[in-house]
Amino acid sequence: DNRFANTNYDQYVQFVESSYGVFDILFGGLYDKIKTDKLQIITDDRLGYLPFESLLTEMPETASMDFRNLKYLIFNNQVNYSYSASLLFFQDLAEMPSQTRLMAFAPTYDNLGDIDTSKFLASRDYIDYLVPLKYLKEEIQGISMILDADVFTDYNATEEVFWKQAAEYDILHFAMHTLINDANPMFSQLVFTLTNDTLESNDGLLNTYEIYNMELNARMAVLSACNTGYGRLQKGEGIMSLARGFIYAGVPSIIMTLWAVEDQSGSELMTRFYKYLSDGDAIDEALRKAKLEYLSTADQLRAHPYLWSSYVSIGKTDAIYC
């Protein structure tokens with residue numbers, strides 16, 4: 001619930017009891033027998049919507065609210081996910097390039113008044129969601145200070161640039177809005193800087209079905225946007241999300257989000273993630289360290305799991321910078 005700032009005591013107790021209860025159901029007496037700190041999670045059905053990192057391994061005292069000192073699973077384990085065992089074990093990372101190239105996007109939505117709204121499947125999507133996000137540029141500028149990156153911001157962050165150049169990069173980073181279509185997940189979209197171009201490849205709306213049909217060479221895609229790991233659950237297929245499209249396009253490692261993220265905390269987490277990634281950490285460990293560092297400095301409000309546990313890694317976790 002994105003109204004996390006209004007969490008009351010009863011909701012806090014409900015979260016604590018639910019989080020520990022789910023942990024107890026899934027792990028039971030097995031957890032103490034696990035001899036590794038690295039957990040590979042392959043979920044089924046609705047469990048795919050769940051960030052295991054936020055499960056509680058111990059039931060705390062609940063005399064008062066305290067999100068900062070709960071015994072989250074992330075304190076003990078690094079967690080990675082996969083859609084299936086076969087996809088995980090047969091999906092190889094590309095050969096290590098001599099120089100890793102990173103492409104990052106942070107579009108603007110300041111021109112919405114000039115855009116023809118007939119291109120949107122529902123005007124509600126256009127009106128309610130495409131608000132300016134002031135931390136988008138700060139996020140990718142922070143990343144570019146850590147790693148050598150080609151940064152495309154504002155009116156340069158176009159879908160046309162993505163189509164023409166994305167295949168040349170090893171890491172793709174998207175700090176932008178998404179429009180999720182639950183009725184038809186193939187029409188969920190990453191939203192670049194919008195144009196009135198009638199060409200589908202340059203209207204600013206990158207559909208999931210378009211991603212499925214691409215052939216990308218990237219070794220990792222970071223989908224730092226809302227709900228990129230969320231979608232409709234289809235029997236026999238699992239969750240149909242934007243992230244899944246990048247897996248099918250040949251990208252073996254994905255950072256995705258399970259719900260609508262708050263852009264300031266997202267910017268902080270992503271900057272920390274790239275710092276650890278550049279130090280040579282594996283992808284899942286870099287993300288875990290970023291979350292732990294975030295929690296170590298967060299106040300009571302900013303420690304709410306809504307703000308840090310949405311980001312998860314899926315697929316291969318090999319270190320990119322060695």
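Residues take their numbers from the sequence shown, with the count starting at 1. Reckoned from all heavy atoms, side chains included, excluding hydrogens, waters and symmetry mates. Predicted model, so just to flag it, every value in this text is computed and none were measured.
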- Query: Can a donor-acceptor pair be found between the side chains of D281 and Y321 at a distance below 3.5 Å?
  - Reply: no
- Query: Are K38 and T317 close enough that a side-chain donor and a side-chain acceptor fall under 3.5 Å?
  - Reply: yes
- Item | Side-chain H-bond candidate by donor/acceptor type, S313 with N80, under 3.5 Å | yes
- Message: Ring centres under 6.0 Å, that's the criterion: do F52 and F23 meet it?
- Response: no
All N/O donor-acceptor pairs, side-chain side in residues 59-66, below 3.5 Å, sequence neighbours left out:
| residue | atom | partner | partner atom | Å |
| --- | --- | --- | --- | --- |
| D66 | OD1 | R68 | N | 3.2 |
| D66 | OD2 | N69 | ND2 | 2.8 |

- Carboxylate-amine/guanidinium contact K134 E139, below 4.0 Å: no
- Item | Q78 and D284: side chain donor to acceptor below 3.5 Å | yes
- Task: Determine whether L292 and Y276 make a side-chain contact, defined as any pair of heavy atoms from C-beta on separated by less than 4.5 Å.
- Result: no
- Query: Is the NZ or CZ atom of R244 positioned over Y83's six-membered ring, under 6.0 angstrom from the centre and within 45° of the axis?
  - Reply: yes
- Item | Atom CD of Q165 with >12 non-hydrogen neighbours under 6.0 angstrom | yes
- Check the side chains of Y31 and N77 for a donor-acceptor pair under 3.5 angstrom, ignoring hydrogens and angles. yes
- Does any donor atom in the side chain of H177 or Q189 lie under 3.5 Å from an acceptor atom in the other side chain? no
- Message: Tell me whether E293 is salt-bridged to K289, with the criterion being a basic N under 4.0 Å from an acidic carboxylate O.
- Response: no
- Say whether, by atom type as modelled, one donor and one acceptor occur between the side chain of D37 and the main chain of N76 under 3.5 angstrom. no
- Task: Count the heavy atoms of every other residue, nucleotide or ligand shown that sit under 6.0 Å from NZ of K137, and state whether that count exceeds 12.
- Result: no
- Query: To which residues is I140 joined in a hydrophobic cluster, defined by side-chain heavy-atom contacts under 4.5 Å among Ile, Leu, Val, Met, Phe, Trp and Tyr, whether direct or through other members?
  - Reply: V151
- Query: Quick one: do the T257 and T228 side chains pair a donor with an acceptor below 3.5 Å?
  - Reply: yes
- For the side chain of D148 and the backbone of S144, is there at least one donor-acceptor N/O pair under 3.5 Å apart? no
- Flag for Y109-T193: side-chain donor and acceptor within less than 3.5 Å: no
- Item | CE (M186) with more than 12 external heavy atoms under 6.0 Å | yes
